[in-house]
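A short write-up of the structure that comes next.
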There are 2 protein chains.
Amino acid sequence: MGITKTEIFTDEQNKLALQLKAIAHPARIATLQLIIEAKACICGDLSAELGLAQPTVSQHLKELKNAGLIQGTIEGVSVCYCIEPEAWKNLNNELNKLFSSYKGINSCC
Amino acid sequence: MGITKTEIFTDEQNKLALQLKAIAHPARIATLQLIIEAKACICGDLSAELGLAQPTVSQHLKELKNAGLIQGTIEGVSVCYCIEPEAWKNLNNELNKLFSSYKGINSCC
DNA sequence: TTAATTAATCGTAATATTGCAATATAATTA
DNA sequence: TAATTATATTGCAATATTACGATTAATTAA
């Protein structure tokens, strides 16, 4: 079919998947890194730093924003993007839960 | 175009994106959780637990395996899947780096 | 008001993903 | 060997993603 069966999974699983999907692209990882290091936070600068066209970057920013991971503040004619601290912390926590639940070799293999 | 421009990103960014993409699906998150909790580790059991058809689960397992996150051990007629400890630890480390690089509110916004 | 600057949206082409029925492959058992 | 059991592969339809040119909106400056 081509559409994920979200109804058979928990809200937590679906939310984590959506936020991970938002990060799971090299351009968006690079974007987050640039934003975090404050090397660039407006679309045009990010476009230049990344080497991707402005509409492409705008689209990537939109996805990160839709996932709640960044927020945009209008500053005159441009928009300054930065990390949304709560969502960032929550995602970090969810991932820590997932990764720490693995305690090493288990019974079956 | 529809194809990611991997050549303009670092190997680290591309690898992290690939591994995150492997996890960024509720069925694969659920699969990892089942494997970790050792509630199911063979394709047929996972298929029953997840409520997805066997070929669908087999495909998801293949993607997790291609990303290096799980390994399969042939046990008679079936295959037991479990976490690949090194890759799991590495991904955890990479994510920790990314998340901890954010120190809170920065200058621009 | 007009021009300049910047971001967002639209439209589109190329490609990738999701899910499953049907089938093929591989290993064990009778 | 033949039947059984379990996984993997193939093929396909529906949908989603990626990238960007062209355009539109929104804000500031002249």
Side-chain angles (χ1 to χ4, degrees), chain A residues 1-9 13-14 17-31 35 40-67 70-82 108-109, chain B residues 1-9 13-14 17-31 35 40-67 70-82 108-109:
Chain A
M1 310 213 164
I3 189 162
T4 301
K5 283 183 147 185
T6 51
E7 72 277 8
I8 65 174
F9 303 106
Q13 288 167 337
N14 286 319
L18 278 178
Q19 293 197 321
L20 285 177
K21 194 156 72 171
I23 302 190
H25 189 287
R28 294 194 289 268
I29 291 174
T31 297
I35 288 176
C41 63
I42 76 173
C43 186
D45 292 350
L46 288 163
S47 172
E49 285 284 339
L50 294 169
L52 288 169
Q54 178 268 320
T56 305
V57 175
S58 182
Q59 193 176 259
H60 283 307
L61 288 168
K62 190 181 179 184
E63 286 180 59
L64 288 170
K65 203 174 161 213
N66 284 344
I70 61 171
Q71 64 196 165
T73 311
I74 298 172
E75 299 217 337
V77 103
S78 56
V79 178
C80 178
Y81 286 97
C82 53
C108 66
C109 46
Chain B
M1 313 216 160
I3 189 162
T4 300
K5 283 182 146 184
T6 52
E7 72 277 10
I8 64 173
F9 303 105
Q13 288 167 336
N14 285 318
L18 278 178
Q19 293 195 321
L20 285 177
K21 194 156 73 171
I23 303 190
H25 189 288
R28 294 194 288 270
I29 291 174
T31 297
I35 288 176
C41 62
I42 75 172
C43 185
D45 292 350
L46 288 164
S47 172
E49 285 283 340
L50 293 170
L52 288 170
Q54 178 268 320
T56 305
V57 176
S58 182
Q59 192 177 260
H60 283 307
L61 288 167
K62 190 181 180 184
E63 285 180 59
L64 288 170
K65 202 173 162 214
N66 283 344
I70 62 172
Q71 64 195 165
T73 312
I74 297 171
E75 299 216 338
V77 104
S78 56
V79 179
C80 179
Y81 286 97
C82 53
C108 65
C109 46

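Remember, predicted model here, so these are calculated numbers, not experimental data. The chains referred to below are lettered A, B, ... by the order of the sequence lines, with proteins before strands, and numbering in each begins at 1. Computed over heavy atoms, backbone and side chain alike; hydrogens, waters and symmetry mates excluded.
Residues A:Cys41 and A:Cys82 are not in side-chain contact: their nearest non-hydrogen atoms beyond the backbone lie 4.5 Å or more apart.
Here the closest non-hydrogen pair linking A:Leu64 and A:Ala22 is CD2-O, 3.6 Å. The nearest pair of heavy atoms linking B:Gln54 to B:Ser47 is N-OG, 3.5 Å. Taking both residues in full, the closest heavy atoms of B:Tyr81 and B:Ile35 are given as O-CG2, 3.6 Å, listed atom of the first, atom of the second, then distance. The two residues A:Ala17 and B:Ile29 make their nearest non-hydrogen contact at N-CD1, 3.5 Å.
For D:dC20, the OP1/OP2 oxygens have a side-chain nitrogen or oxygen of A:Thr56 closer than 4.0 Å. Proximity of A:Lys21 to the phosphate of C:dT17: no side-chain N or O atom is located under 4.0 Å from OP1 or OP2. OP1 or OP2 of C:dG19 sits under 4.0 Å from a side-chain N or O of B:His25. Close to D:dT7, at under 4.0 Å from its OP1 or OP2, lies no side-chain N or O of B:Ser78. Phosphate contact (OP1/OP2 of C:dT9, side-chain N/O of A:Lys62, threshold under 4.0 Å): present. Within the 4.0 Å cut-off from OP1 or OP2 of D:dA19, at least one side-chain nitrogen or oxygen of A:His60 is found.
Less than 4.0 Å separates DNA chain C from at least one heavy atom of each of the following residues of residues 42-54 of chain B: B:Leu52, B:Ala53.
In this structure, A:Glu75 atom CD and D:dA26 atom C1' are separated by 15 Å, rounded to whole Å. In this structure, the CD atom of B:Gln71 is 17 Å from the P atom of D:dT7, given to the nearest Å. When rounded to the nearest whole Å, the span between OH of B:Tyr81 and C1' of D:dT7 equals 7 Å. The separation between B:Leu64 atom CG and D:dT7 atom P is 16 Å, rounded to whole Å. Atoms CD1 (B:Ile23) and C1' (C:dT18) sit 18 Å apart, rounded to a whole Å. Summarising the geometry, the separation between CG on A:Leu61 and C1' on D:dC20 is reported as 15 Å, rounded to the nearest angstrom. Between A:Gln59 atom CD and D:dT23 atom P the separation is 19 Å, expressed in whole Å. Taking atom CZ of A:Arg28 as the reference point, atom C1' of D:dT18 lies 9 Å away to the nearest angstrom.
With C:dA16, C:dA22, D:dT15 as the candidates, the nucleotide lying closest to the side chain of A:Ile3 is D:dT15. Side-chain atoms of B:Val77 lie closest to C:dT28 of the nucleotides D:dA8, C:dA8, C:dT28. Closest to the side chain of A:Val79, from the set C:dG19, C:dT9, C:dA7, is C:dA7. When the nucleotides D:dC20, C:dT5, C:dT9 are ranked by their closest atom to the side chain of A:Ser58, C:dT9 comes out on top.
In this structure, A:Phe9 and B:His25 have perpendicular ring planes: the angle between them is above 60°, well past the 30° mark.
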- Message: Please evaluate residues B:Cys43 and B:Val79 with respect to the criterion side chain to side chain contact (heavy atoms under 4.5 Å, CB included), reporting the C-alpha separation (whole Å), side-chain torsions for both, the decisive distance (0.1 Å), and the verdict.
- Response: CA-CA 7 Å; B:Cys43 185; B:Val79 179; over 6 Å; no
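For the atom pair CG (B:Leu50) and CD1 (A:Ile8), the distance works out to 6.5 Å, reported to the nearest 0.5 Å.
Remark on DNA chain D: of its neighbouring residues A:Gly76 and A:Pro55, the 5'-side contact belongs to A:Pro55, judged by nearest-heavy-atom nucleotide. Position along DNA chain C of the nearest nucleotide to A:Lys65 versus A:Lys5 favours A:Lys65 as the more 5'-ward residue.
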